[in-house]
Structures are given as C-alpha cells and as structure tokens.
A.B. asks: 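Shown below is the structure under consideration.
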Amino acid sequence: MQELVQELSPLIEQYGYLVLALAIAIEGLGVPAPGQSLLIVASYLAASGALSLPSVLLVAGAASWLGNTAGYVLGAMLARLVERRGWAKPASLVKVHAFIDKYGVIGLILSRFLEGMKQLICLGCGLAQMPWHLFLTGNTLAVGIWLLVFGYGPAYFYDEIGQAGLFLQRHQYALWVLAVIAGLALLLKFIRKRRPTS
C-alpha cells in the first residue's frame, strides 16, 4: 500500500481531483487507466487529512457514473455499425449478447471488481442493447458498491491497512508458499473432477 501511495500521490498532489475524475471516467469508455488505484490512494490521503473524503467520493462517483453511461451510449450508437462493417466476429457479438442477457445488473456490479471487464462492460451493454432502465439501475448500484469498497474502505481502515502492510511485508515469503500450496490443491481437485469415471 505504501508503494502505491508513494507512486501515485505526486499525480494527485499535482493535478488534484481532476486526474482522479479523468482516470475513472475514461475507464467507462473502455480505456485502461489507473482510476481504481488513484481512488484508493486519494481515500488513503483523505484519511491522513491531505484531501477531503466527501470530495473524493463525490468526484469519483460522478466520474464513474458519467464515464460508464458515456460508454453505454457509445456502445449503443456503434452497435449497428459494428455489425454492418464486421468489426467484431458474429460469434463474439453473440457471446456479448448472451452474457448481458443472462447476467444483466449482476454482471454490471461484479464487473467493477474485474480488471479488463470493468473497462469493457458498459460498451458491451450498449452493443447488446441492454434496456436503458436496467443499465441505469446496474450502473448506479455498481458505482455505489465500488465506491464503498475502494473509496470509503481505505479511509475507514486507514490504521489497519498500515498494520496489514507491515505484516504482509514481514511474512511475504511464507504467504507466497501458502498461496502456491492452496493453488496446487485446487488444481488437483479440478483435475480429479474432470477425470472421467469408469
């Protein structure tokens, strides 16, 4: 956490809330940006008194909601053009439609926590012609939950995060070993399940 703060703090100190808003907003248009990382750092700085937490949450929430909505509108506008020009394979478009139809609002919410999908889901919702009212509901819920976790969470657990960081730093090798063992155990379990029964 300290490394993240040291790396991104100069950006926020130099450009303030503007860089936070821009980085978060353009993610909704499908452009990879460090929006979430900047939000975590801004929240952490707010807890230390360098920024205002309500301002951080307001700026991040508005930027995320507006950026996602712009991504949806762009996807909806390009839907027919993408199909007509063949910019995407028909099979890919069918998969996008199937995912949006099946998961809808839940997919929007969960995508906020998955890098890559977070940037593309709103464009996908537009391409799949997701009903406007469902998108607005999903977008509002997704932004609210995301803000709670990555905007309010770091400030709320400010002291605990520092202690956790020290613990992780001191025991990083032991934790890596445990992670590898757990990963191998899951892999073996998966292989056994896939093995045909005679």
A.B. asks: Considering residues at least two apart in sequence or located in another chain, which fulfil the side chain to side chain donor-acceptor pair (under 3.5 Å) criterion with Thr137?
C.D. replies: none
A.B. asks: Mind checking whether Trp132 and Thr69 have side chains closer than 4.5 Å, heavy atoms only?
C.D. replies: yes
A.B. asks: Using atom types as modelled and distance alone, determine if a side-chain donor or acceptor of Asn68 lies under 3.5 Å from a backbone N or O of Asn139.
C.D. replies: no
A.B. asks: Using the rule that two of Ile, Leu, Val, Met, Phe, Trp, Tyr join whenever any of their side-chain heavy atoms come within less than 4.5 Å, decide whether Trp65 and Leu18 are in one cluster.
C.D. replies: no
A.B. asks: Should Ile40 and Leu22 be counted in the same cluster of Ile, Leu, Val, Met, Phe, Trp and Tyr side chains packed under 4.5 Å apart?
C.D. replies: no
A.B. asks: With sequence neighbours left out, which residue pairs that include part of residues 106-115 fulfil the salt bridge (charged side-chain N to carboxylate O under 4.0 Å, His left out) condition?
C.D. replies: Glu115-Lys118
A.B. asks: Considering only heavy atoms from C-beta outward, does the side chain of Leu148 approach that of Tyr156 to under 4.5 Å?
C.D. replies: no
A.B. asks: Any chain of hydrophobic side-chain contacts (each under 4.5 Å) joining Phe157 to Phe113?
C.D. replies: yes
A.B. asks: Between Ser48 and Leu45, what is the shortest heavy-atom contact and its length?
C.D. replies: OG-O, 2.7 Å
A.B. asks: Go through the structure and list residues passing ring-ring contact (aromatic ring centres under 6.0 Å, His included) with Tyr15, not counting sequence neighbours.
C.D. replies: none
A.B. asks: Val56 and Ala46: which non-hydrogen atoms are nearest, and at how many Å?
C.D. replies: CG2-CB, 4.5 Å
A.B. asks: Return the minimal non-hydrogen interatomic distance between Ala60 and Leu39, and the atom names on each side.
C.D. replies: CB-CD1, 3.6 Å
A.B. asks: List the residues meeting side chain to side chain contact (heavy atoms under 4.5 Å, CB included) with Pro54, not counting sequence neighbours, and say none if there are none.
C.D. replies: Ser52
A.B. asks: Who pairs with Phe135 by ring-ring contact (aromatic ring centres under 6.0 Å, His included), at least two apart in sequence or on another chain?
C.D. replies: Tyr72
A.B. asks: Surrounding CZ of Phe99 (heavy atoms of other residues, nucleotides or ligands, distance under 6.0 Å), is the total greater than 12?
C.D. replies: yes
A.B. asks: When Val41 is tested against each of Leu11, Ile12, Leu51 for side-chain contact (heavy atoms from CB on, under 4.5 Å), which residue passes?
C.D. replies: Ile12
A.B. asks: What closest approach, in Å, do Pro154 and Val149 show between heavy atoms, and which atom pair accounts for it?
C.D. replies: CD-O, 3.4 Å
A.B. asks: Apply side-chain hydrogen bond (donor to acceptor under 3.5 Å, both in side chains) to residues Trp146 and Ser64 and explain how you reach the verdict.
C.D. replies: CA-CA 10 Å; Trp146 177 74; Ser64 180; over 6 Å; no
A.B. asks: Is it true that atom CE of Met77 has more than 12 heavy atoms of other residues, nucleotides or ligands lying nearer than 6.0 Å?
C.D. replies: no
A.B. asks: Of all residues at least two apart in sequence or in a different chain, which pass the side chain to side chain contact (heavy atoms under 4.5 Å, CB included) check with Leu134?
C.D. replies: Val105, Met130, Pro131
